[in-house]
> 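I'd like to ask some things about the structure below.
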Amino acid sequence: MLIVVGIGLGVSACMTSLTVLYLMGSDPLPTKSQRLHFVQIDNWDELDAYNSTGDPPNQLAYQDATSLFNTWKGGKQAVMYRFGLPIQVNDPGVHPFTAAGRATTADFFSLFDVPFQYGTAWDKALDGAHARVVVLDALANEKLFGGVDSVGRVVHFDNSDFTVVGVLGDWNPRVKYYDLDSGKLSRPESFYIPFSTAIERRLGVSKSFADTLLLSENKNFGLWVELDSPTALADYRSFLDAYVEEQHRLGRLTRPLNNRLYNVVELMQKRHVVSRDTEAQSGLSILFLAVCLLNAVGLMLAKFTRKSGEIGVRRALGASRNQIFVQHVIETGIVGFTGGLLGLALAEAGLWLIRLLYTDYARVASMNMSLMLATLAVSVLISVLAGLYPCWRASLFEPAIQVKAQ
Amino acid sequence: MMRLPWRPILSALLRNRLPLTLIGLQIALTLAMICNVLFIVSERFALMQRASGMDEANTFTITTTAFGEHASITSIIAEDLRTLRSLPGVQSAAPIVSVPLDDDVSWTEDVYLGSDQQSPTSDDVAVYFTDDQGLATYGADLIAGRNFTAEEVGTRDADNDANKWPSSVIVTKALANHLFPNDEPIGKQFNFDKSEPSTIVGVIDRLQAPDPHHTNVSGDPDLVEYAILVPQVFYQTNSARYLIRTAAGRRDEVVAVATSALAAANAERTLENILTFSQIRTNAYRSDLAMMIILCIIVVALLLVTGLGIVGLANLWVSQRRTQIGVRRALGATRGEIVLHFLTENFLITSIGFAAGSLFTYGLNLWLMRQFHEPLLPLDYVLFGYVVMTLLGQIAVMGPAVSASHVAPATAARGA
C-alpha cells in the first residue's frame, strides 16, 4: 500500500511537469514545420551587438522584409506584422472593442494550414492591390455577427469599411509559433488584412518609414519562407547573403553577416518557448521520482523479507526460484499499474492546479489519451525495474531454513 | 547519563549495507532537493515583497482608443483629464504610458553620461512619460529637488520621429546613485541616445520599472529600481492611457464612476485595460507565486515519501531483530534504552545521509546556477535541511522504536 502511494506520487509529479514541458515544446505543425523558415538579419548598430548572445534582432525592418519578400520567387512565403485597432459593425447592439489584427499576405493561411469555416483567404492577386478585405477568426465572428456566415458583410475599422471574405474555423495552436515575439502563449489574432492595405493606411506603424538601423519601438515585421528541400534552403541562404552584402555596399547594413533561418521548432527553442520555470520543475520532478523509486525498492525489500517464511514454505513445496521470481515481478508490475492509476488521478489534479496558477497555460496543461497510456506504461516499467533486485533477493530464500524458524 | 553503545549500533548498521545505502541515498537526495527548493522559494518570496514605490492601494489605469473620423487625441486627453480630476473621490489623475510591474507596456532607454560615450552607462532604463501631476498620482516620494512645473510639460507623438527629449527630468534615488555615486544629483546632466543633455531637477525615493524580471546587457541587479520621469504627455495614433489615484479606500467605487463618466463624455472610443494596481501586482508575480506553491507541494510530498520510507524500513529492522531485542531486554535493558537505540541508529543514518547529501545539495545547486542563474546556496540552508531531516527521521522512527520496546523479554528464550 505504501509502495503504491509512493509510486503514485512520484509518477504524478513527473507526469504533471513533463506534460506541460512536452506540450509547450512540441512541434505544432509536424507535417511541415521543418520546411518553414523564419528570416532574421542583423541590422543593429555598427558598434553594438543587439544582445549579449550575438543573435541578430528578432524581427526585420520594413525595408528588408519587403525587399526580400518581393525579390524571392522560389516558393510560398508570408510577410506580416501585428497591430491593434478598435473594430465595430453596423449593429448598435454590438459594442466596439479593440482587437489584435495581423497584416499579412494571402499565402499565410496555406503556409500554416489555417482552417476556414466560411469563405477563403483573399485572392493572392489582391495582395498588392490595397484591397479592403478582412478575414475574421471564429471568436471575432461570434462577437460581431453572432457566429453566422458573415462573408460579404462589412466590418468597420480605421474609419473605413472592410468586406469579410473568410472566417476561420477552430484554430487553437498551443503556442503562437508564427510570431513568438508578441506573446508566445497568446491566442492568434482576431482579424487579418492584406499587408499592402495595412502599410498604405499606416496601421499601427510609425508614420515615417525612414531607414532606421536602430529598431527601437518601430513595428516588427516577420517573414516566413517555405523551403522544401536542402537545395532550396541553400539557395535561400545565398540569396539572403547576397542581399545583405549588397545592402552593406550601399552603406546600410553595417554589421557583419549574421543571418538566421530557423525552422519552427528551432525558433521555438531559440525564443525559450518552454519557460525556465517549467524546465526547473521537470528536473525537480524527475529527482522526486528517483526518491520515490528508492523508497519503493526499500519498501519492497522489506516486504519480501517479511514474507520469507511464506516463500520458504512454497520453495519447500517445490516452487522453483524462477517461479518465485516471476511471480514477484508480476506482483511488482501490478503494483506499478495501480500506482500509475493513482498517479494519473493525482496528475489530473496537478494539471488542474497548473492551469489555475498559470492562467495562460490552458492549452498546454491537459493530458490526452496517448500521454495517459504512456504514464501507465512508464509506471509499470519503472516499478518492475525497481523491483528486479528485491524480486531476485526474494527468489533466493532457501526452503529449509525458513521452515525451521517457524 | 546512559552510555550509548555507538560501536555496536554502527557495526550493526554496516552489516546491513543495502537498506542502509537505500535509505541513506533517499535522505541525501531529499536533503539536496529540500535545501535548494526552500532557497528558491525564499528568493521568490523576497522578490514579491519589494515595494513598487507607488500608492498601490488606491490607483488604477484606463486605456482609451478613439476611432471617430475627426478624433483628436490631444483634445480628448485634455478633456478626459478635466473630467477625471473633477470627479469626487479622485485625488489626482495623470496621462501615462507605463506603470511599475505592468510589463505589458514598457518603455526603456539607454542612458549616457556625455554625448561622445560609445556605450551607455546604463541600458534599458525605464522611462515614465507623464505630466506635472504624475508624481502625485503615482504616489512616489520626492526626496530632493522639485516636481515638474506645468510649463515644462511637453508632448510626445509616438508616430513622430522628430521627438526630442526634455531638458528637465526626475530620477529615482537608485539611478542617481548609480550615475553619480557619492555626489549631489540635483543639477547633474545625462543624455538619452543621440540627444541634448537633460538635467535632473528632482529625485524620488522609489519607483520600480514595469518589468520586474528584466535583465539588461550589463546584468545590473538593481535595474528594476532605475526609473526616469519625463514631463511629456504621450499619445500613440489614437490611443492614450491614464493613471488615477483616489482618496484612501475609495478606489473600487471610483473605477466604476470614472469609466461611466469618460464613456458619457465621449462615446467614440473604447475604454479598456481598466486595471487596479493590485491586479497589476498579482499579474506581475503570478508565475513566481505559482512556482513557490508548486515547490512547496513538492517539499511536502518529498518529506512524506521519505518519512514513510523510514517508517517502513525501521519496521523491517524491528521485525528482523525481535530476537536480539528480546535478549537485550532479558539482560536488563529498559524500554527507554531500546527506544533510544533506534533513535540513535536513525540519527547515525541521517548523519551519513547528510554527508553524501551535502555533495548532492551543492551538485544540484550548481546545475540550478548554470541552467537557471540561481545564486549560490548559503550554508544556513544546508544546516536547516539537516535539522529538518533529523527531525523527520526521529519522528518517523518513533513509532517502530516504541513497538520494538514492547517486545517482551520472554520471547528470547523460546526463540533461541
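Residue numbers start from 1 in every chain, and the chains themselves are labelled A, B, ... in the order their sequence lines are given, proteins ahead of strands.
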> So what's closer than 4.5 Å to chain A heavy atoms on B/T65: side chain, backbone, both or neither?
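Looking at B/T65, backbone and side chain both touch chain A.
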> Take A/L144 and A/F97 through the test side chain to side chain contact (heavy atoms under 4.5 Å, CB included) and record every step on the way to the result.
CA-CA 10 Å; A/L144 296 169; A/F97 56 93; 3.7 Å; yes
> Is the A/F83 to A/F191 ring centre distance short of 6.0 Å?
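Judged by ring-centre distance (under 6.0 Å), A/F83 and A/F191 do meet the cut-off.
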> Picking from A/L356, A/V5, A/L85, A/L287, which has the most non-hydrogen pairs under 4.5 angstrom with chain B?
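With the most close heavy-atom pairs to chain B, the winner is A/L287.
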> Between B/N315 and chain A, which part of the residue has a heavy atom less than 4.5 Å away: side chain, backbone, both or neither?
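Its backbone and side chain both get close to chain A.
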> Of the backbone (N, CA, C, O) and the side chain (C-beta and beyond), which part of B/L271 lies under 4.5 Å from a heavy atom of chain A, both, or neither?
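No part of it gets close to chain A.
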> Would you say B/H214 and B/D124 are linked by a side-chain donor-acceptor pair, where the criterion is simply a distance under 3.5 Å?
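Per modelled atom types, B/D124 and B/H214 side chains form a pair under 3.5 Å.
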> Counting only heavy atoms closer than 4.5 Å, note whether B/V37 contacts chain A via side chain, backbone, both or neither.
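Side chain only.
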> Distance-only, no hydrogens or angles: does the B/R269 side chain make a donor-acceptor pair with backbone N or O of B/L262 under 3.5 Å?
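Yes.
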> B/W367 versus chain A, heavy atoms under 4.5 Å apart: side chain, backbone, both or neither?
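Side chain only.
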> Sort B/I27 into side chain, backbone, both or neither according to what part of it lies under 4.5 angstrom from a heavy atom of chain A.
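Neither; nothing under 4.5 Å.
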> Need one label for B/I40: side chain, backbone, both or neither, based on atoms under 4.5 Å from any heavy atom in chain A.
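Contact with chain A involves no heavy atom of B/I40 at all.
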> In terms of heavy-atom proximity below 4.5 Å to chain B, should A/Q88 be classed as side chain, backbone, both, or neither?
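Just its side chain gets close to chain B.
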> Specify the closest pair of heavy atoms between B/Y362 and B/L377, including all atoms of both residues, with the distance to one decimal.
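Between these two residues, the closest heavy atoms are OH-O, 3.0 Å.
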> Between chain B and each of A/A302, A/G183, A/S285, count heavy-atom pairs under 4.5 Å; write down the option with the most.
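Among A/A302, A/G183, A/S285, the one with the most close pairs to chain B is A/A302.
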> Passes side chain to side chain contact (heavy atoms under 4.5 Å, CB included), B/V127 versus B/T108? Steps please.
CA-CA 5 Å; B/V127 171; B/T108 61; over 6 Å; no
> Determine whether the aromatic ring centres of residues A/F162 and A/F157 are separated by less than 6.0 angstrom.
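Judged by ring-centre distance (under 6.0 Å), A/F157 and A/F162 do meet the cut-off.
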> Would you say the side-chain atoms of A/Q281 pair up with the backbone N or O of B/I294, donor to acceptor, closer than 3.5 Å?
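Not at all, since once roles are kept as given, no pair shorter than 3.5 Å links the two residues.
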> Just so I understand: if I count every heavy-atom pair under 4.5 Å between each of A/D277, A/L9, A/T16, A/T278 and chain B, which residue has the most?
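Heavy-atom pair counts peak at A/D277.
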> Just so I understand: if I count every heavy-atom pair under 4.5 Å between each of B/L308, B/L302, B/L313, B/N273 and chain A, which residue has the most?
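Among B/L308, B/L302, B/L313, B/N273, the one with the most close pairs to chain A is B/L302.
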> Could you name each residue pair satisfying salt bridge (Lys or Arg N to Asp or Glu O under 4.0 Å) that touches residues 284-300 of chain B, not counting sequence neighbours?
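Sorted result for residues 284-300 of chain B: B/R44-B/D288.
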> Does any backbone or side-chain atom of B/M291 lie under 4.5 Å from a heavy atom of chain A? Answer side chain, backbone, both or neither.
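Both backbone and side chain of B/M291 come within 4.5 Å of chain A.
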> Which of the residues B/S239, B/A301, B/A32, B/A66 is involved in the greatest number of heavy-atom pairs with chain A at under 4.5 angstrom?
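Most heavy-atom pairs within the cutoff with chain A belong to B/A301.
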> Could you look at A/A280 and say if it's the side chain, the backbone, both or neither that has a heavy atom under 4.5 Å from chain B?
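Interface part for A/A280: both.
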> Could you go step by step and tell me if A/K143 and A/V94 meet the side chain to side chain contact (heavy atoms under 4.5 Å, CB included) rule?
CA-CA 8 Å; A/K143 277 203 225 177; A/V94 177; 5.8 Å; no
> Is B/I293 close to chain A through its backbone or its side chain, or both, or neither, when contacts mean heavy atoms under 4.5 Å?
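Contact with chain A involves the side chain of B/I293 alone.
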> Is it the side chain or the backbone of A/I354 that comes within 4.5 Å of chain B heavy atoms, both, or neither?
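The side chain, not the backbone.
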> Donor-acceptor pairs are to be reported for all side-chain atoms of residues 290-300 of chain A against protein atoms at under 3.5 Å, with residues two or more places apart or in another chain.
{"residue": "A/N295", "atom": "OD1", "partner": "B/Q26", "partner atom": "NE2", "Å": "3.1"}
{"residue": "A/N295", "atom": "OD1", "partner": "B/G309", "partner atom": "N", "Å": "3.4"}

> Please flag which part of B/L289 lies under 4.5 Å from any non-hydrogen atom of chain A: side chain, backbone, both or neither.
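Neither part.
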